[in-house]
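What follows is one structure encoded as structure tokens, with my remarks underneath.
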Amino acid sequence: MTDTALRLPTRDDLRERARVSLERVGAVLPEGEGLTARTPVTGDALFSLRATTPDEVSSAVGAAAEAFVAWRTTPPPVRGELVRVFGDLLREHRTDLADLVTLEAGKIGSEALGEVQEMIDICDLAVGQSRQLFGRTIASERPGHRLAETWHPLGVVGVISAFNFPVAVWAWNTANALVCGDPVLWKPSEATPLVSIAAARLLERAIEAVDAPRGLHHLLLGDRAVGEALVDDPRVALVSATGSTRMGREVGPRVAARFGRSLLELGGNNAAIVTPSADLELTLRGVVFAAAGTAGQRCTTLRRLIVHRDVADELVDRIAAAYRSLPIGDPYDEKTLVGPLVNAAAADAMTAALDRARAEGGEVVTGGRRLDGPGEYVEPALVRMPGQTGVVREETFAPILYVLTYDDFDEAIALQNDVPQGLSSSVFTTDQAEAERFLAADGSDCGIANVNIGTSGAEIGGAFGGEKETGGGRESGSDAWKAYMRRSTTTVNYSGHLALAQNVSFL
Ligand code: UN1
């Protein structure tokens with residue numbers, strides 16, 4: 001071991017942590033074959049779990065479809081009560097869940113707690129939403145007619161979630177789906193079965209507590225085959241999938257081929273523009289959290305910094321100094337700010353991207369080293385690039401921040417938009433005209449556009465998602481609930497006469 005070797009908990013410590021959290025939420029570990037629970041903290045395999053079989057997926061879809069029949073006519077505020085009770089259980093078990101998020105996703109304590117907070121927040125939002133599934137009344141062109149739209153439950157929802165937000169993204173979908181009247185089948189990432197078991201158990205307890213139909217939620221543990229069974233089952237009305245663009249390219253067309261709906265949250269390649277008027281202290285803190293926080297493993301992670309030439313050197317120096325002081329290591333240690341990457345493949349992808357960046361003319365200013373010892377711990381990397389080369393246009397799910405410089409603000413916006421992905425973006429400026437230009441129709445083309453904050457850490461109250469290869473889906477707040485419902489347009493004629501629209505006369 002070299003001086004970079006980290007002090008990490010033992011495998012036994014970690015197994016014990018998992019057991020304690022699972023026991024506290026009342027979950028039983030489904031020991032068996034088919035799926036291995038691992039931890040990125042040490043890279044160890046922790047438990048062998050029983051995976052869901054394709055037959056079991058099919059019967060779970062059947063049970064969910066049955067539950068739908070009862071749930072769709074349950075008054076929405078009564079459905080909201082289930083989500084309220086679930087939110088209370090999340091509050092009670094906040095640290096149990098956060099501990100498991102750290103164990104399986106490698107997040108540091110405050111970020112793991114933040115993830116659970118997102119779950120609690122979306123429950124609160126959905127409870128209120130359950131009394132606000134508003135339709136509209138529309139002006140009819142005919143006398144004595146009422147034209148309106150009503151939102152009805154859609155059907156069974158399949159949620160496929162990623163390792164990096166192992167429970168929050170499921171909760172965004174599930175809280176909304178449940179108040180909208182839809183049962184949920186959940187296929188979590190293979191990397192995060194334990195926290196999924198715990199979260200699903202809490203929802204199951206809420207379902208039991210309010211005596212809602214037991215088939216409202218099913219956890220499906222397993223690999224790709226489980227996801228495919230959901231994607232291809234015509235009884236699954238909506239597939240909400242979070243993951244890579246590559247995954248979305250398969251899921252989207254397959255669901256569309258059977259005329260199902262999909263909601264896709266795919267890759268991002270998020271940029272921040274830093275203008276000469278920016279408050280550099282605020283910018284520095286915003287950039288370092290967005291780029292190195294969560295070890296670069298958020299879909300909203302800052303991956304490109306587009307800095308005005310006049311402030312580039314100073315800002316790069318300050319970011320480099322901050323990067324060198326970031327404590328990397330055991331995510332359970334309160335002092336740590338950068339935990340591990342999820343697995344060796346992620347660390348290999350980072351190394352390969354850095355090699356490519358160098359080959360494309362980049363200069364690694366700091367970071368990029370893999371630390372010795374167990375677990376995939378890496379130094380966040382800061383890389384100056386001569387332009388938006390091939391590697392910069394791709395999403396590498398690791399802490400690499402590419403720095404590009406610009407002279408003219410329009411050029412900066414063009415660079416920001418000139419990538420295939422369109423999730424999140426931000427501008428750091430104190431010039432109001434620049435901020436407004438960035439937010440205008442010809443400004444950022446992303447689903448999320450921020451001023452004077454980084455690209456990550458969105459609140460649940462807004463709709464979350466992005467354009468282009470990010471997939472176009474919107475989840476979480478605002479009117480994202482509409483994705484989980486079907487719209488019925490109704491015309492009622494109370495005039496006593498038959499009048500055809502568009503003045504058509506017939507018979
Ligand atoms: C994700 O990385 O998949 O905006 C979701 C954020 C979080 C959600 C990220 N609220 O960074």
Side-chain angles (χ1 to χ4, degrees), residues 90 97-98 101 104-108 110-125 159-176 186-189 191-192 195-196 199 240-248 251 263-272 285-303 339 341-342 346 395-399 401 421-426 444 446-451 453-467 469-478 480:
L90 292 173
L97 280 185
V101 169
E104 292 188 304
K107 288 190 191 186
I108 60 169
S110 78
E111 291 200 52
L113 281 168
E115 167 147 15
V116 182
Q117 189 60 46
E118 283 203 33
M119 303 173 80
I120 294 169
D121 293 344
I122 194 69
C123 285
D124 286 357
L125 182 128
V159 177
I160 298 175
S161 58
F163 84 88
N164 66 324
F165 270 79
V167 279
V169 173
W170 163 73
W172 297 350
N173 282 282
T174 302
N176 270 331
W186 178 24
K187 189 235 171 274
S189 160
T192 57
V195 71
S196 310
S240 174
T242 304
S244 65
T245 294
R246 200 171 46 156
M247 179 272 285
V251 170
L263 195 172
L264 301 176
E265 299 286 357
L266 312 175
N269 191 352
N270 317 299
R285 296 189 53 216
V287 164
V288 174
F289 171 67
T294 334
Q297 299 173 109
R298 290 193 189 217
C299 55
T300 49
T301 288
L302 177 60
R303 308 205 180 277
L341 293 183
V342 65
E395 178 189 49
T396 301
F397 221 61
L401 180 61
Q421 312 83 353
L423 179 55
S424 186
S425 59
S426 64
S444 163
C446 291
I448 298 172
N450 295 332
V451 177
I453 53 168
T455 50
S456 64
E459 300 180 16
I460 59 92
F464 183 92
E467 305 301 334
E469 288 191 1
T470 304
R474 290 297 186 280
E475 293 175 331
S476 179
S478 185

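Counting starts at 1 for both ligands and their atoms, following the listed order. Computed from heavy atoms alone, side chains included, the values below leave out hydrogens, waters and symmetry copies. Numbers for residues simply follow the sequence, beginning at 1.
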Find out whether N164 and F397 are in side-chain contact, i.e. whether some heavy atom of one side chain is under 4.5 Å from a heavy atom of the other. yes
Is P399 close to L341 at the side-chain level, that is, under 4.5 Å between some pair of heavy atoms? yes
Kindly list each side-chain donor-acceptor pair under 3.5 angstrom involving residues 454-464, sequence neighbours excluded, with atom names and distances?
from, atom 1, to, atom 2, distance (Å)
T455, OG1, T300, O, 2.7
T455, OG1, L302, N, 3.4

Just so I know, are the side chains of F165 and E115 near enough to count as touching, which here means a heavy-atom distance under 4.5 Å? yes
Applying a heavy-atom distance cut-off of 4.0 Å, which protein residues contact ligand 1? E118, N164, F165, W172, R298, C299, T300, S456, G457, A458, F464
Look at E467 together with R474 and state whether they make a salt bridge at an N to O cut-off of under 4.0 Å. yes
Candidate pair N270 and R298, rule side-chain contact (heavy atoms from CB on, under 4.5 Å), full reasoning: CA-CA 10 Å; N270 317 299; R298 290 193 189 217; over 6 Å; no
